[in-house]
Chemist: 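One structure is given below, represented as structure tokens, and several questions about it will come after.
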Amino acid sequence: MLRVLPGGRGREPAPGPADRLRILRALERKALWLSTWMIHNANHIRANRDGLKVGGHQASSASVATLITALYMDVMRPQDRLAVKPHASPMFHALQYLLGHQSRDKLERFRAFGGAQSYPSRTKDGDIVDFSTGSVGLGVGMTLFASLVQDYVRLKHLMPSDEPPGRMIALAGDAELDEGNIFEALLEGWKHDVRNLWWIIDYNRQSLDAVVSDRLFGRIDALFELVGWRVVTLKYGRLLEAAFARPDGEHLREWIDQCPNSLYSALVYIGGAGWREHLRRDLNRYPGIRAILDEHDDASLARLMTNLAGHDMEAVLDAFHAVTDDQPTCFIAYTIKGYGLPFAGHKDNHAGLMNLDQMAEFRAAMAVPDGDEWAKFAGLDVAPQTLQGYLDEVSAAREGGRRHAPPPIPVPAEIPAPRGKSLSTQEAFGRILGSLAGSGGDLADRIVTTSPDVTVSTNLGAWVNRRGIFDRAERADTFREEKVVSAQRWAMSPQGQHIELGIAEQNLFLQLAALGLSGPLFGARLLPIGTLYDPFIKRGLDGLNYALYQDARFIVVATPSGITLAPEGGAHQSVSEPLIGLAQPGLTGFEPAFADELAVLMRWALSEIQAEDGQSVYLRLSTRPIEQPDRAIGPDLAAAIVDGAYWLREPEPGADLAIAYSGAVAPEALAAFDAISEDVPGAGLLAVTSPERLHRDWQEGLGGSGTSVAESLLARMRPGAALVTVVDSHPATLSWLGSVAGNAVVALGVSHFGQSGDIPDLYRAYGLDRDAIVDAAARACLKRLGRVRDR
Ligand SMILES: Cc1ncc(C[n+]2csc(CCOP(=O)(O)OP(=O)(O)O)c2C)c(N)n1
Ligand SMILES: [Mg+2]
């Protein structure tokens, strides 16, 4: 028996293995109670003001009770990080509560405003969550990229290497393996030789709608082994293994092995009588099986037949502790969805909630008295002080280790703009990064670039030539060694600062998510810059959203963009992406036209992604070379470029007309402006560098005392003056400007798929050329006059 030591610090001696097991089983039991009660409280006890079902996943939580208790309460070390299956959120919060890291108040407000979140959230649940989860599959993939980032910072000695590396662990639902991003990540991980990665699959053979196909998991282990993983299958618990070892026991094993998932699940739900009927029917000819059936009443037969290893604490601990090396390991843990609850195994249990009677019965079984529902140790068969003593020593819960806040990397007051009479923003981007690479210093050392097979075509070449490609091992540049001439160096080493990915864009965003959390996760701040073609943002959009949801910070450079890409056809021409920039929380979008604007924005972005209340940044660039303004950018203009807009040609006070443009259509906007100025003296030309910043500032200013940037700019014109907006993207990107000050707006942009052509042909066809703008200006003026007449 464990005792509190007399005197001293009152600490418990370290428990022996048997006591440890009892303690862990008791904690698991309490976590199961708390998670179930938390959901019950939210649905049946707390006041409901809107008639909506609150929900919560009792069955999904119960399914992982043993696995996650083993992880948090025994196996994990402070440096390990965990992505919890989204629907196990209540179970996760229950364990954090037992560890003293979550409050009772938040549990009582599970799924309520300000309470514990329905799915674990880094930003809303705080320090306790390592990786947000919710959109299935992404949290799992995230752990793989986090392990790659850990290697990146360790090999560069950006984090202390006296402790062993952390394991990046995903506790995944089996249906998460239906998500393609898992397999994209697996292949990428194999290429990068990822280590220290555990994926623990809660193999309950159920998803949301039903029981999953038997055939799939027959292949899963082979798939993991193919890419270098160790696969550990935890199938049967100690009770069943003992039964298999008895005379005729092999027939019982064979029977369960052959039992279709759906029948097994149904019998779990039906219970002892159901098992007895089927075993009698199929195996009665074996005396050993008859003996087993005779020795077990219905309840104990049900316990035996559901004794899967994923619910057997001893089996789980043995399996986890047996892995001591860094080989990526997949544990396939057989479990039962809803284990220990009345709807265990029922195919419809995913969103199922226990009713009042079921809860009363469950409460009695858990020995939780009325009023003690939230008590940490009520109804357990281990003394409270023993349990508390154990919890106080839990390794994963040690204070101060889980989240780091490294100081910002200083950013210079100015990043020089590349010079040139005619430049594209994409070329300017490459040159800016190239010269940062050459200049050295802390800033350049912390930049890490990554790209899904479009490194060279997005102009990262100069950067990569100087800073190299990252790999855990040194790898030679074969073309260079064989003296084949190439502009691009392609040697790899642990010092490299570019992570080259395969084409899968979802991987890019998960990689950026992990790089962008390197500071809080590993204490080593990185400044990640990812590049891809603008239209393919949509290919990885959920990954991008996932990264931003957990406040990962990075810069996305999307280029080329729009129909300005011209010859390269429709599918590569992006249309709606600036609207993603406008509407996506956590992301600030910019579309500069000139190289000097880009230099200002890159400087700002490198600091913004480090600011406590900052955001990630999206730069939409183009391959179109355009004539550059001959100017020096002072502090006021720099601030305006960051704020989102400035007058490239200032209107006369009270002007009747202005053109507002964004990005690569600047030359057409300028040409139209020159043409119009002859007829409409005093017109203005507004350069919009960030529709998103301008819009946000306007929205935030509405109803406030200050005047928004957009209002101040447009106030130079006559109230209701004509306004033409023009962008190489959907016209809604800028058409809202008409609402700011009631201008008569005509919005030009692209509303149809693009196609091959040259810029003059395409701009004419899609209505972005000079004549289209001039024509739109005439229509806007007529619209204004019409309004004036109507008044
Ligand atoms: C991307 C995405 N699609 C759909 C859902 C809705 N959904 C929630 S849980 C679930 C099934 C999960 O099954 P599994 O991973 O096996 O979890 P468990 O059986 O443990 O509940 C689905 C389809 C989601 N959360 N994310
Ligand atoms: Mg499942």
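Ligands are counted one by one from 1 in listed order, and the atoms in each one are counted from 1 as well. No experiment lies behind these values; they were computed from the predicted model shown.
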Chemist: Measuring to protein heavy atoms, does anything land under 4.0 Å from atom 4 (C) of ligand 1?
Modeler: no

Chemist: Assess, by modelled atom type and distance only, whether the side chains of D312 and Y334 contain a donor and an acceptor separated by less than 3.5 Å.
Modeler: no

Chemist: With the threshold set at under 4.0 angstrom, would you say S63 reaches ligand 1 through any of its heavy atoms?
Modeler: no

Chemist: For atom 7 (N) of ligand 1, which protein heavy atom lies nearest, and how many Å away is it?
Modeler: L208 CD1, 3.6 Å

Chemist: In the protein, what heavy atom is nearest to atom 16 (O) of ligand 1, and what distance, to one decimal place, separates them?
Modeler: D174 OD1, 2.5 Å

Chemist: Does a salt bridge link R253 with D257, judged by any charged N lying under 4.0 Å from a carboxylate O?
Modeler: no

Chemist: What atoms of ligand 1 come within less than 4.0 Å of a heavy atom belonging to G173?
Modeler: 14 (P), 15 (O), 16 (O), 17 (O)

Chemist: What atoms of ligand 1 come closer than 4.0 angstrom to any heavy atom of H350?
Modeler: 9 (S), 21 (O)

Chemist: Using a 4.0 Å cut-off to any heavy atom of D202, which atoms of ligand 1 qualify?
Modeler: 20 (O)

Chemist: Whether E108 and R46 form a salt bridge (side-chain N of Lys/Arg under 4.0 Å from carboxylate O of Asp/Glu) is what I want to check.
Modeler: no

Chemist: Considering the heavy atoms of E179, write down every atom of ligand 1 situated less than 4.0 Å from one of them.
Modeler: 1 (C)

Chemist: Does R111 make a cation-pi contact with Y119, if we ask for NZ or CZ under 6.0 Å from the ring centre and within 45° of the axis?
Modeler: yes

Chemist: Any N/O/S of D174 under 2.8 Å from the Mg ion (ligand 2)?
Modeler: yes

Chemist: For atom 20 (O) of ligand 1, which of the options Q206, E176, K85 provides the nearest non-hydrogen atom?
Modeler: K85

Chemist: Check each atom of ligand 1 against the heavy atoms of K337 and keep those under 4.0 Å away; list them by number with element.
Modeler: 18 (P), 19 (O), 21 (O)

Chemist: Looking only at non-hydrogen atoms, find the nearest pair between G139 and T133 and report the distance.
Modeler: CA-CG2, 4.0 Å

Chemist: Taking only Lys NZ, Arg NE, NH1 and NH2, and the carboxylate oxygens of Asp or Glu, determine whether E314 and R238 approach each other closer than 4.0 Å.
Modeler: yes

Chemist: Any N/O/S atom, side chain or main chain, of S207 closer to the Mg ion (ligand 2) than 2.8 Å?
Modeler: no

Chemist: What residue and heavy atom of the protein are closest to atom 12 (C) of ligand 1, and at what distance?
Modeler: A175 CB, 4.1 Å

Chemist: Does ligand 1 have any atom that is closer than 4.0 Å to a heavy atom of H57?
Modeler: no

Chemist: Any heavy-atom pair between the side chains of L544 and F554 that's under 4.5 Å?
Modeler: yes

Chemist: Just jot down the ligand 1 atoms closer than 4.0 angstrom to any heavy atom of S207, in number order.
Modeler: 11 (C), 13 (O), 16 (O)

Chemist: Just go through P86, G134, A62, S60 and tell me whose heavy atom is the nearest to atom 25 (N) of ligand 1.
Modeler: G134

Chemist: Under the side-chain hydrogen bond (donor to acceptor under 3.5 Å, both in side chains) test against Q206, which residue among N349, N261, T335 passes?
Modeler: N349

Chemist: Between K106 and D125, is there a side-chain N and carboxylate O pair less than 4.0 Å apart?
Modeler: no

Chemist: Just to verify, which of D80, D127, D130 counts as forming a side-chain hydrogen bond (donor to acceptor under 3.5 Å, both in side chains) with R402?
Modeler: D130

Chemist: Would you mind checking which non-hydrogen protein atom is closest to atom 8 (C) of ligand 1, with the distance to 0.1 Å?
Modeler: H87 NE2, 3.0 Å

Chemist: Looking only at protein heavy atoms, which one is nearest to atom 2 (C) of ligand 1, and how far off is it?
Modeler: V136 CG2, 3.6 Å

Chemist: Taking atom 10 (C) of ligand 1 as the reference point, report whether a protein heavy atom occurs under 4.0 Å from it.
Modeler: yes

Chemist: Is the distance between the Mg ion (ligand 2) and the nearest N/O/S atom of N204 smaller than 2.8 Å?
Modeler: yes

Chemist: At a 4.0 Å threshold, what atoms of ligand 1 neighbour a non-hydrogen atom of S135?
Modeler: 1 (C), 26 (N)

Chemist: Taking only heavy atoms of N204 into account, list the atoms of ligand 1 that are under 4.0 Å away from them.
Modeler: 18 (P), 19 (O), 20 (O)

Chemist: Indicate yes or no: at least one non-hydrogen side-chain atom of I332 is less than 4.5 angstrom from one of K235.
Modeler: no

Chemist: Report the relative orientation of the aromatic rings in H311 and Y339; use parallel for angles under 30°, tilted for 30 to 60°, perpendicular for over 60°.
Modeler: parallel

Chemist: Identify whether the distance between the nearest side-chain nitrogen and carboxylate oxygen of D551 and R122 falls below 4.0 Å.
Modeler: no

